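These notes concern the structure reproduced below.
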Amino acid sequence: ADPQAKDAIERLVAAASMHAVLGDPAATDEIAKLAERGNSKVDDLLLLLARSGNFSALEGVLTRTSVTGPVATFFNGYAAFRHADFAAARATLSKLSGASPDLTALARFLLAEITYGDFKGISGQGDLAVTIDANAKGLAAVDRAYKPVVEAGEAPWAMFAVARLADAN
C-alpha cells in the first residue's frame with residue numbers, strides 16, 4: 001500500500017485500532033507514526049491498547065514518542081506507579097488535567113494509594129509517642145488523599161477508596 005495515498009492515514013488508524021484492541025505489539029509502531037503526524041486518534045488508540053492489557057506495548061509508545069495530552073500524561077504516571085517510581089508517579093499524576101472523569105478518578109486513586117503505602121510503611125519501633133504521632137499524621141494524610149476520590153463520584157474508585165479508608169482506620 002502506498003503510504004502517500006489519500007486514505008493512508010485512515011488505513012493506518014484502522015490497522016492501529018485492530019492491533020491495539022488485540023494487544024498486538026505492531027500497534028506500537030502504528031500509534032507512534034500517528035503521534036508523529038499529530039493525529040487526533042492517538043488518545044483513543046492509547047486507551048484501546050491499555051484495555052488490551054499489553055502495557056509493555058503501551059509503554060513502548062510513550063517512550064518512543066513525545067505524545068502529550070491527558071491520556072498520555074495519565075499513562076506515563078501509571079507506568080511510573082507500576083514500576084514503583086512513586087515520586088515520578090506523584091509528580092506526573094498530580095499535573096493531570098483535562099482527562100475524562102474516570103481517568104481523573106483513577107489518577108486520584110493512585111495518588112491516594114501512594115499515600116496509603118507511605119502510611120502502611122510507618123514503623124512501630126522506637127519511641128511510642130513518636131510512633132503514635134506519625135500514625136495520626138499518616139492517617140490524616142490518607143483521609144485527605146482519598147477524599148477527592150470519593151467526592152469525584154466515579155463509583156468503582158469511590159468504593160475502593162472507602163474500602164482503603166476502612167482498612168486504614
Side-chain angles (χ1 to χ4, degrees), residues 13-14 16-25 27-28 30-32 34-35 38-122 134-169:
V13 168
S17 297
M18 288 185 286
H19 290 139
V21 166
L22 296 172
D24 188 326
T28 302
E30 295 159 347
I31 296 170
L34 290 165
N39 190 279
S40 63
K41 298 287 185 184
V42 171
D43 279 354
D44 295 335
L45 294 168
L46 291 174
L47 287 169
L48 288 175
L49 189 55
R51 287 184 181 128
S52 78
N54 189 344
F55 292 106
S56 62
L58 178 63
E59 289 179 25
V61 172
L62 296 172
T63 57
R64 285 187 48 199
T65 64
S66 58
V67 179
T68 59
V71 174
T73 299
F74 170 79
F75 284 119
N76 277 313
Y78 181 70
F81 183 89
R82 281 183 40 134
H83 294 289
D85 185 352
F86 299 126
R90 183 176 276 132
T92 303
L93 293 171
S94 293
K95 66 182 180 183
L96 181 67
S97 67
S100 64
D102 60 327
L103 280 186
T104 301
L106 177 51
R108 289 176 179 156
F109 181 80
L110 293 174
L111 288 167
E113 285 289 282
I114 295 168
T115 303
Y116 178 80
D118 294 343
F119 170 70
K120 288 304 224 181
I122 295 172
N135 275 304
K137 287 178 181 174
L139 186 57
V142 167
D143 285 343
R144 281 190 308 276
Y146 283 110
K147 183 178 179 185
V149 179
V150 174
E151 290 175 343
E154 289 293 317
W157 302 115
M159 289 172 33
F160 291 140
V162 169
R164 280 292 200 214
L165 285 168
D167 184 49
N169 288 306

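Note that this is a predicted model, so its numbers are computed, not measured. If you read the sequence from its start, that first residue is 1, and numbering goes on from there. Note that these values count all heavy atoms, side chains included, but never hydrogens, waters or copies made by symmetry.
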For the residue pair [X] and [Y], what are the closest heavy atoms and their distance?
X	Y	result
Tyr146	Ala161	CD2-CB, 3.5 Å
Ile122	Gly138	CD1-CA, 4.1 Å
Gly98	Pro70	O-CG, 3.5 Å
Ala168	Val142	CB-CG1, 4.1 Å
Val67	Ala35	CG2-CB, 3.5 Å
Ala16	Ala27	O-CB, 4.2 Å

Report, one line per pair, each donor and acceptor closer than 3.5 Å where one atom sits in a side chain of residues 147-157; sequence neighbours left out.
none

Pairwise side-chain contact, [X] with [Y], heavy-atom cut-off 4.5 Å (strictly under):
X	Y	answer
Ser17	Val21	no
Lys41	Leu48	no
Leu45	Val61	no
Asn135	Phe119	yes
Leu96	Arg108	no

Separation of [Y] [atom2] from [X] [atom1] (nearest 0.5 Å):
X	Y	atom1	atom2	answer
Leu93	Glu113	CG	CD	12.0 Å
Leu111	Phe86	CG	CZ	11.5 Å
Lys120	Thr115	NZ	OG1	14.0 Å
Phe74	Leu106	CZ	CG	3.5 Å
Asp118	Lys137	CG	NZ	14.5 Å
Leu49	Ile31	CG	CD1	5.0 Å

Worksheet item: In terms of the angle between their ring planes, are Phe75 and Tyr78 parallel, tilted or perpendicular, with boundaries placed at 30° and 60°?
Response: perpendicular
Worksheet entry | Thr92 side-chain N/O to Ala89 backbone N/O, donor-acceptor pair under 3.5 Å | no
Discussion item. I'd like to know if the side chain of Asn39 reaches the main chain of Leu34, judged simply by a donor and an acceptor atom lying under 3.5 Å from each other, with no hydrogens or angles considered.
Written reply: no
Worksheet item: Is the CZ atom of Phe160 crowded by more than 12 outside heavy atoms at less than 6.0 Å?
Response: no
Fill in: Distance-only polar pair, side chains of Thr104 and Asp102, donor-acceptor under 3.5 Å
no
Item to complete: Only pairs at least two apart or in different chains count here, so list each side chain to side chain donor-acceptor pair (under 3.5 Å) that has a residue in residues 65-77.
Response: none
